[in-house]
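Everything below concerns the one structure shown next.
Each chain gets a letter, A, B and so on, in the order its sequence line appears, and its residues count up from 1.
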Amino acid sequence: MNLGELSEQEQIRRQSLAELRELGIDPFPAEAYPVNTTSTEIKKQYSAEKNNFLDVSVAGRLMGKRIMGKASFAELQDHAGRIQLYITRDDICPGEDKTTYNNIFKKLLDIGDFVGVRGFVFKTQMGEISIHVKELKILSKALRPLPIVKEKDGKVYDAVTDPEFRYRQRYVDLVINPKVKDVFIKRTKIYNSLRELFNSRGYLEVETPILQSIPGGAAARPFITHHNTLDIPLYLRIANELYLKRLIVGGYEGVYEFSKDFRNEGMDRTHNPEFTVMEIYVAYKDYNWMMDFTEEMIEKTAFDLNGTTKVKVGEKEIDFKRPFKRLSMIDSIKEYTGVDISGMNEEQLRKTCKDLSIEIDESMGKGKLIDEIFGEKVEDHLIQPTFIIDYPLEMSPLCKKHRSNPDLTERFELIVNGQELCNAYSELNDPVDQLERFQEQLKLSEKGDDEAMYIDYDFIRALEYGMPPTSGMGIGIDRLTMLLTNQPSIQDVLFFPQMRPEKKDSVDSPEKFRKAGIPEDWVEPLQKMGYKTLGALRKVEKYKKLHQDLCGFNKKNKLGLKNPTQDEVKMWIDNPL
RNA sequence: GAUUCUGUAGCUCAGCAGGUAGAGCACCUCCCUUUUAAGGAGGGGGUCCUGGGUUCGAGCCCCAGCAGAAUCACCA
C-alpha cells in the first residue's frame with residue numbers, strides 16, 4: 001500500500017498503531033475480553049440509592065472523546081447502545097507512569113477503536129449515568145475514520161444520508177445510524193413471529209433447490225448459470241412453488257420455506273434482483289381457509305413486532321386488525337370505476353379499457369385486460385389490507401379453476417398500501433388440466449413472451465401420482481418488512497442491496513514507474529495528478545501539455561524539484577516496456 | 001430503458017456575475033480535574049466526479065461519459 005494515497009487522518013491512525021506496538025501494546029489482541037453487562041442494561045437498572053454496578057466491564061467502540069486536562073469523558077457504543085465513560089489520569093495510571101492516559105488514551109486512541117473498560121457506575125453532576133473507568137484495554141484499532149454523527153434532543157446533526165455510501169458500506173451505516181440496526185432486528189423478529197405460528201401448527205420448514213434446471217412457479221425472467229460437470233444450463237430459482245407442492249405429494253401436511261428468489265428484471269425502490277418470499281402449502285385446505293390463516297398471520301406479526309396492529313406508513317396509518325375487507329376482482333372494478341365487467345367478452349373489455357383511457361396492446365387477452373383495469377383504477381386505492389378474490393383464468397396457470405365459474409380461478413391477493421403483499425391459490429392438482437395450462441404458456445412463449453412458464457414434466461408426473469387438495473400462499477418478506485418498519489425503499493430492508501460494482505482504479509507501484517525510466521521524485525507527483533498506472537501515462541497524446549502540467553504542479557505544490565525537459569517527458573510516455 | 005436533479009475536505013454542506021477554493025464537525029499542536037451535538041486558542045488537509053471544448057482565465061458556461069437519487073415503464 002502506497003502511503004501517499006492515504007488521507008491525513010488514515011496516516012495518523014497508522015502512525016498511532018505503530019506507536020502502540022512500540023509501547024508493547026498489541027492493538028489487535030487475541031484473547032477474549034470478559035463483559036458482564038451492557039450500556040443499556042446499566043442505564044436501565046442503575047440507581048444511586050442502591051449503589052449497584054460497582055464492578056462492571058463493557059466493551060465496544062469509542063464514539064467520542066472530550067478531554068479536559070487530567071479528566072476526560074468518552075462515549076462507548078456497544079451492541080445495545082451507548083454509555084458515557086469518565087476517565088481520570090490517576091485512576092487509569094495509579095503509579096508514576098502516566099503514559100496510559102497522556103499518550104495512549106489521549107493521543108493513540110481514536111474514534112471507532114474498540115476498547116474494553118472496567119469500573120463502577122455513577123452519576124455525573126449533569127445527571128448522566130457514567131462508568132468511572134479503572135481499567136482501559138484496547139481491543140481493536142480502527143484505521144479508517146468514522147463519520148461523526150451527533151445527536152441532541154432527538155435532533156441528528158451531520159447524519160450520513162448519501163444512499164450510495166450507506167448501502168455500499170452498510171457496516172459503517174450500521175455503526176453510525178442506530179435506527180438502521182433496529183430495522184434489521186425487526187426484520188428478524190418478523191421471521192421469528194412467522195416461524196412461531198407455522199411451527200405451532202406443526203408445519204415443517206423445508207429447503208428446496210435454488211439451482212433449478214427448469215425455473216418454474218412464476219412468470220419471470222431468470223438468471224442463467226452453467227454447471228461444468230453436468231455441462232447443462234441451470235437457473236437460479238424464480239419461485240419454489242413447484243418443489244413445495246412435490247413435498248405435499250410426498251405426504252407432508254404442511255410445508256413452508258423462506259425462499260431467496262432471483263429475477264433478472266428491473267431494479268427500483270421496490271425491486272431487488274434477489275428477494276425473499278415465504279411460501280406455505282397446507283393439504284386439505286382451500287383458499288377460503290388460507291384467507292383466514294393469512295389474516296391471522298399478518299395480524300399476529302404486526303402485533304408481535306410493534307405491540308399494536310396499527311402501523312404508520314409514510315403519512316398513512318394502516319391497521320392490520322382482523323377481519324380484512326374482501327372483494328372479488330370484478331366487484332372491486334365495479335366499485336372504483338362503476339363498470340360491471342362480468343360476462344364481457346374480449347371486444348367489450350377492450351372498449352372498456354379505451355373508455356377508461358387505459359393503454360393496451362393487441363397481444364393482451366381477456367385476463368390481461370382485466371388485470372390492466374385493476375392495476376390502473378383499483379389497486380392504488382386499496383390502502384388498508386384488502387383481499388382481492390377470484391382472478392381471471394389466463395393469469396393463473398397453477399391455480400384451480402373456480403368451483404362455480406370456469407373463467408375464474410380460486411385465487412386471492414392481499415393488497416396493502418396499493419401494493420400486492422400476498423398471493424394464494426386453491427392449488428391446481430388435476431395433472432391433465434395442469435399440462436394443458438403449461439401448454440398454453442408454451443404458446444405464449446412462442447409468441448415472444450419471455451416470462452411465460454416452462455413445462456415441468458416432472459411436476460406433472462408428481463401430480464399424476466396424486467396431490468391432495470391444497471392451498472398455498474406466498475408473501476413478500478421484503479415488502480412486509482418495509483410496511484411494518486415504515487421504510488420507503490427495499491434497499492433499506494436489505495443489508496446489502498444489489499449495486500453496480502464499485503470502480504476501482506488500479507495503481508502501479510513506484511517501483512514499476514522507476515523501472516520505466518521515470519525519476520523517483522516524479523513518481524508521486526505523476527500519480528497524484530491522476531496517472532496512476534504506466535498505461536494511463538502511455539495514453540497521453542500531448543507530451544507538451546503533460547510537461548506544462550508537471551511544471552505547474554511542481555510550482556503550485558512547492559515541491560522544489562528540478563523540472564524535466566520536454567524531451568524527457570516525451571521519453572517517459574514513449575518508453576516501450 | 002426515458003426524463004429531471006445531484007456529484008466541492010474524512011462527514012454535512014456553502015460558494016459567484018467566470019478572476020488565488022470556504023464553514024461546521026472530524027484531524028493535528030498547545031491550555032484546561034464532571035463536560036453534554038460544540039471547553040478555549042492556533043494549525044494542517046482538496047485531481048471542486050472524469051474527459052473534451054469555449055475563454056487571457058472554468059468548481060461555475062457548453063458537449064460527452066461515469067456514479068447516485070427521484071419520477072415513469074416492466075416485474076414481487
Inset, instruction - Name the pairing partner of rC72(B), where a pair is Watson-Crick or G-U wobble with both distances under 3.5 Å, or state none. - result: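 With both distances under 3.5 Å, rC72(B) matches rG1(B).
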
Legend entry - Pairing partner (Watson-Crick or G-U wobble, both distances under 3.5 angstrom) of rA17(B):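 Check on rA17(B): unpaired, no WC or wobble geometry under 3.5 Å.
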
For a quick check under 3.5 Å, do [X] and [Y] share a side-chain donor-acceptor pair by atom type?
| X | Y | result |
| --- | --- | --- |
| N423(A) | Y391(A) | no |
| D478(A) | T481(A) | no |
| E279(A) | Y281(A) | yes |

Inset, instruction - Look at the side-chain N and O atoms of R269(A) and state whether any lies under 4.0 Å from the OP1 or OP2 oxygen of rU71(B). - result: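 The answer is yes; a side-chain N or O of R269(A) sits under 4.0 Å from OP1 or OP2.
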
Legend entry - Phosphate contact (rG10(B) OP1 or OP2) by R144(A) side-chain N/O below 4.0 Å: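 R144(A) to rG10(B) OP1/OP2: no side-chain N or O under 4.0 Å.
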
Legend entry - 5' precedence on RNA chain B between A71(A) and D162(A) (nearest-nucleotide basis):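 Comparing both residues, the 5'-ward one is D162(A).
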
Legend entry - Closest-nucleotide 5' rank along RNA chain B - winner of F122(A) and N272(A):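 With N272(A) and F122(A) compared, the 5'-side residue is F122(A).
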
Is it the case that the base of [N] and the side chain of [X] share a donor-acceptor contact (distance under 3.5 Å, atom types as modelled)?
| X | N | value |
| --- | --- | --- |
| T88(A) | rU33(B) | no |
| S72(A) | rU35(B) | no |
| Q84(A) | rU35(B) | yes |
| D268(A) | rC74(B) | yes |

Legend entry - Under-4.0 Å salt bridge between R411(A) and E413(A):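 Here R411(A) pairs with E413(A) in a salt bridge, since their nearest N and O are under 4.0 Å apart.
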
Legend entry - Near-ring test F495(A)/F184(A), centroid separation under 6.0 angstrom: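 Yes - the distance between ring centres of F184(A) and F495(A) falls below the 6.0 Å cut-off.
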
Inset, instruction - Return the orientation label for the Y454(A) and Y235(A) ring planes: parallel under 30°, perpendicular over 60°, tilted otherwise. - result: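 Ring orientation, 0 to 90° scale: tilted.
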
Legend entry - Among rA76(B), rU36(B), rU34(B), the nucleotide that comes nearest once only the side chain of E265(A) is considered: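 The answer is rA76(B).
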
Inset, instruction - Check every atom of rA76(B), rA69(B), rU34(B) against the side chain of F275(A) and return the nucleotide holding the closest atom. - result: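 When the side chain of F275(A) is considered, rA76(B) is the closest of rA76(B), rA69(B), rU34(B).
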
Inset, instruction - Could you tell me which residues satisfy side chain to side chain contact (heavy atoms under 4.5 Å, CB included) with K106(A), sequence neighbours excluded, listed by chain and number? - result: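 If we apply the side chain to side chain contact (heavy atoms under 4.5 Å, CB included) test to K106(A), skipping adjacent residues, the hits are I67(A), Y101(A), N102(A).
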
Legend entry - Per-nucleotide protein contact string for nucleotides 24-31 of chain B, where B marks a base within reach and S marks sugar-phosphate only (heavy atoms under 4.0 Å, - for neither): BSBSS---

Inset, instruction - For R168(A) and rA69(B), give me the distance from atom CZ to atom C1', rounded to whole Å. - result: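 That distance rounds to 13 Å.
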
